[in-house]
Amino acid sequence: MTPHEPQLEERHAALLLRLLAMGAPAQQIASAAVSPELRELALQIHMAFDVHRRRERELEALVETARDLASMRDPAGVLEAIVRRTRALLGTDLSYLTLFDPEAGDTYMRATAGSISARFQTVRLPLGAGLGGLVASTRRPYWTPDYAADDRFRHTLPIDEAVGEEGILAICGAPLLVGDEFVGVLFAADRAERAFRPDEVGLLASLAALAAVTIVQVRALRDAETALEALSQAHETVRRHTEGVERAAAAHDRFAEVLLAGGGIDDVTRALGELLGDWVLLVGEDGEQRSVFGTPGLGPDQRTQGVAVAAGQPSGRLVSLTDFHVVAVRAGRDIMGTLFVGAGFDVKPDASDIRMIERAAVVCALFLLFERDVAESQRQVLADLISDLIGSRGERDDRVRAARALGLALDRPFCVAVLRGPVNTQRRALTLSAQTVLGSEALVGIHDGDVVALVSGDEPARLAQSLHARLARSSSVTVAVSAPAKDVDAVASAYDEARRTLAALLALGHEGTAAAASDLGFAGLIVGTEPDVTAYVRRVLGPVVDYDQTRGTDLIGTLEAYFAGGGSPSRAAVTLHVHTNTVAQRLDRISSLLGDGWQEPEPALELQLALRMRRLVAHPPEGQSRTGP
C-alpha cells in the first residue's frame, strides 16, 4: 500500500458518506468512482435505509388508516375507504373486498377500487374456490404472481371468467378476522405479473385486521343506534304530549309571576331558558344584547340573519332556523327587539313550545316599552338640565341642587366632555354608551346636537383617553374634554372650550381620537378658555431648561441658534462662536433629552413656538410680571 492509498480510501469513504447523507439514489452511489468494497458497503447501507424508510411509511399509513376508520360511522363509507386506502398503499391496479354471507356459506363482492368489469364486481366466491376461497377456508393470506397458471386452489368457470374479464394476473388476499369470527377477504391485484414481497403481504394483513375490527364495530354501532332510535321515537311521542301540557301551564305561571312581582327582562329570559332547558338571548332594537341566559352559540352572521328573518314576520310568529329559533319582539308594528332561543331542546318545536316562546316575546315587549318610556323621560330630564347648566338658565342654587340630585357635585372639580361619532352615528346610541361607561358620577345628555357629559374629576387628559378607549370598542368616536372647573357658572365656558377642542381635533385630521386642550400643543393655547403659556413652554422645553439649570449649560441658546440658522449646525456654530463639533455634541444631548424625533417638522414647530413664547414670558410687556421657565 502506497502512502497515498489510506488518504485516497478516506476520501472515497467521505464521498460515499456525503451521498448517503444527501439521500442520493442507488444509481448515483453505484456510479461513484470509489473502491468496489466501499461501493458495495454503501449500497447495502442505502438498501437498509430504504427498507427502514419504507417500514416507517407503512407504519404511518397504518396509523393514519386506523385513525380515519375510527372516525367513520357509515358502513358503506368504511368499506369504500378500506379498498381505496389498500390500493393506494400497495400501489396495485385495483383492490377489492368480499364479505362473508353466513346464510349462503360463501363470500360476495362488496367494495372495489379500480375495477372496470361489471361481472367482476358482482362475483361470488364459494369457500375453497379461487384464491379468495382458499383464504376464506384456511383463514391465512395467500398470493399468486399469475392467477390463471396457479393450481394451488380450485378454479371455477365463473370466477376465472370474471378475473379474466378484469384482466387480473397477480392477486394477494388476506382474511378479515375478529377473534374467531370470519368477516371477509381483502384483496390487492395487478393486471401484470407481480411477486408480492413479504412486507407487502404483511401490510395487507395489517390492513385487513384494521378493516375487520372497524366493520364489526360499525355494524354493532349501527344496530345499536337503530334499536335505540326506534325506542326513543316511541318514548318521545308519549313524552312530548305529556310535557307539552305541563310546560304550557308552567310557562303561564312563571311569566305571570314575573309580571306581578315587578321583575325585569332578565327574569323573563331566565324563566324561558329554564322552561326550555336551553339558552335564550334578547337583542334590542339597536342590535345590542339586552339579556342572556346560558351560553348562546351564535356567530355575528347568524345573529344578523336572525334579526332580519324575525323582522320579516309581521305576525310575530316563531321561525326555526338551522341552529336556533327566532321571533320578533313587537309592540304593534314597532319592533322592540329580537328573541333568540337555542335549538338544542327541540330542533322542530311542538305547538306548546312555540306558544311559550311567542308568549315570552310579548312579555319582553311590555318590559321594553316600559323601559323606553322611563329612559325617554330620564333623557329629557338630563337634556333639560344640561341645557340649563350650559345656558345658565334658572336660579343658580336650583341648578346646583338638580345636578347634585342626579349624582354630580358642581362645587368640586369637574370636566365637560363633548363626544361625536361618525356622520351616520345615532346620537342616542352614543349617549347610552357614554352613560353606561361613565356610570352614576356623570351627567350625560344631548345639547345643541352634541353628546355632552359632565364628569367629576380634575384630570382632563386622562379622562379623555379613558373615555375614548372604552367607547371606541363599539364604534369610532372623537372625544374632547375641557380643563377642570369647580363652579356651576363655569359650565358654559368649559363646554365652549370642549367644543373648540373638538373642532380643532377634526380640523387637524384627528377624527376618532381623544384629547384635552392641553394635549393639542400650541393649538391648545388657541382653543383653551384660559391658555396657560407658561405651562405650555414648560411642557415642551422642560427637560432642556432643567438640564441647563442643573449643569450651567446653555442648550436653550443652542436650540435658538440652530433654528435661527435654518437647521444648520455650521451656521449655529458661527452664531455661538464655537466649533461645529461642539454644536453637534449639544444637539446629541438635546436628542437624549427630547427624543430623536424633535427635528421632525411638527415637533420642531412646537419647539420654535415654545422658544418664542419663553422669551415673551421672560420679557413681558411693561406693567406685567415675569413668570415662566
Side-chain angles (χ1 to χ4, degrees), residues 50-51 54-66 68-69 76-100 107-125 127 129-150 152-153 155 159-160 162-178 182-215:
D50 279 349
V51 172
R54 185 169 63 251
R55 287 177 179 172
E56 281 187 343
R57 287 195 298 270
E58 291 173 354
L59 182 59
E60 290 176 358
L62 285 172
V63 172
E64 182 180 352
T65 301
D68 291 345
L69 294 178
V78 168
L79 299 178
E80 295 295 334
I82 290 170
V83 294
R84 286 197 304 270
R85 185 60 61 88
T86 300
R87 182 188 182 197
L89 292 179
L90 271 74
T92 54
D93 293 329
L94 69 157
S95 65
Y96 49 100
L97 183 147
T98 61
L99 293 181
F100 177 59
T107 61
Y108 62 96
M109 193 72 69
R110 183 61 182 81
T112 64
S115 172
I116 57 176
S117 167
R119 177 185 297 185
F120 182 80
Q121 295 170 17
T122 58
V123 71
R124 299 184 74 96
L125 289 77
L127 297 183
L131 185 140
L134 182 61
V135 172
S137 61
T138 62
R139 300 189 180 183
R140 296 175 54 190
Y142 280 94
W143 68 273
T144 177
D146 187 349
Y147 175 84
D150 198 328
R152 288 179 299 166
F153 39 80
H155 289 265
I159 297 176
D160 288 353
V163 170
E165 186 173 302
E166 189 66 58
I168 296 174
L169 288 181
I171 306 176
C172 183
L176 303 179
L177 299 172
V178 178
F182 173 67
V183 179
V185 182
L186 178 63
F187 298 89
D190 262 342
R191 295 186 176 92
E193 287 192 13
R194 172 173 175 169
F196 287 92
R197 300 189 309 270
D199 61 301
E200 292 176 327
V201 177
L203 177 58
L204 184 65
S206 298
L207 287 168
L210 285 175
V213 172
T214 304
I215 291 171

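All values below come from the heavy atoms of this structure, side chains included, with hydrogens, waters and symmetry mates left out.
- Closest approach of Ala174 to Ala205, counting heavy atoms only: CB-CA, 3.8 Å.
- Note: Ile116 CD1 to Leu94 CG = 8.5 Å, rounded to the nearest 0.5 Å.
- Of all heavy-atom pairs between Phe100 and Thr107, the closest is CA-CG2, 4.0 Å.
- Between the side chain of Asp146 and the backbone N or O of Leu169, no donor-acceptor pair lies under 3.5 Å.
- Salt bridge annotation for Arg119-Glu166: absent, with no cationic side-chain nitrogen under 4.0 angstrom from a carboxylate oxygen.
- Taking Tyr96 as the reference, Phe120, Phe187 meet the ring-ring contact (aromatic ring centres under 6.0 Å, His included) condition, with sequence neighbours excluded.
- For residues 130-143, no pair satisfies side-chain hydrogen bond (donor to acceptor under 3.5 Å, both in side chains), with sequence neighbours left out.
- Inter-residue side-chain proximity for Val83 and Thr112 is flagged as unmet; no heavy-atom pair is nearer than 4.5 Å.
- Note: Thr144 OG1 to Arg194 CZ = 13.0 Å, rounded to the nearest 0.5 Å.
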TODO: Could you please spell out the steps behind the side-chain contact (heavy atoms from CB on, under 4.5 Å) verdict for Ile159 and Leu125?
DONE: CA-CA 7 Å; Ile159 297 176; Leu125 289 77; 4.1 Å; yes
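- Side-chain contact check for Val178 versus Val183: some heavy-atom pair is nearer than 4.5 Å.
- Leu186 places a side-chain heavy atom less than 4.5 Å from the side chain of Leu176.
- With rounding to the nearest 0.5 Å, the separation of CG in Asp93 from CG in Leu90 is 12.0 Å.
- Put simply, CG on Asp190 and SG on Cys172 are 10.5 Å apart, with the number rounded to the nearest 0.5 Å.
- In this structure, Val201 and Pro141 approach most closely via the heavy-atom pair CG1-CB, 4.0 Å.
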- [ ] Walk me through it: do Ile82 and Thr86 pass the test side-chain contact (heavy atoms from CB on, under 4.5 Å)?
- [x] CA-CA 6 Å; Ile82 290 170; Thr86 300; 4.2 Å; yes
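- Looking at every heavy atom in both residues, Glu193 comes nearest to Ala170 through C-CB, 4.3 Å.
- Here Leu131 contributes atom CG and His155 contributes atom NE2; the two are 9.0 Å apart, rounded to the nearest 0.5 Å.
- Within the 3.5 Å criterion, the main-chain N or O of Met109 finds no donor-acceptor partner in the side chain of Arg124.
- Phe182 pairs with exactly one of Leu99, Val135, Leu177 by the side chain to side chain contact (heavy atoms under 4.5 Å, CB included) rule, that one being Leu177.
- At least one donor-acceptor pair under 3.5 Å links the side chain of Asp150 to the backbone N or O of Arg152.
- Minimum heavy-atom separation, Tyr147 to Gly130: OH-CA, 3.6 Å.
- Atom-to-atom distance recorded for Arg110:CZ and Gln121:CD is 12.5 Å, nearest 0.5 angstrom.
- Looking at Val185 and Leu97, their side chains never come closer than 4.5 Å, going by heavy atoms from C-beta outward.
- Within the 4.5 Å cutoff, no side-chain heavy atoms of Thr98 are placed close to those of Val123.
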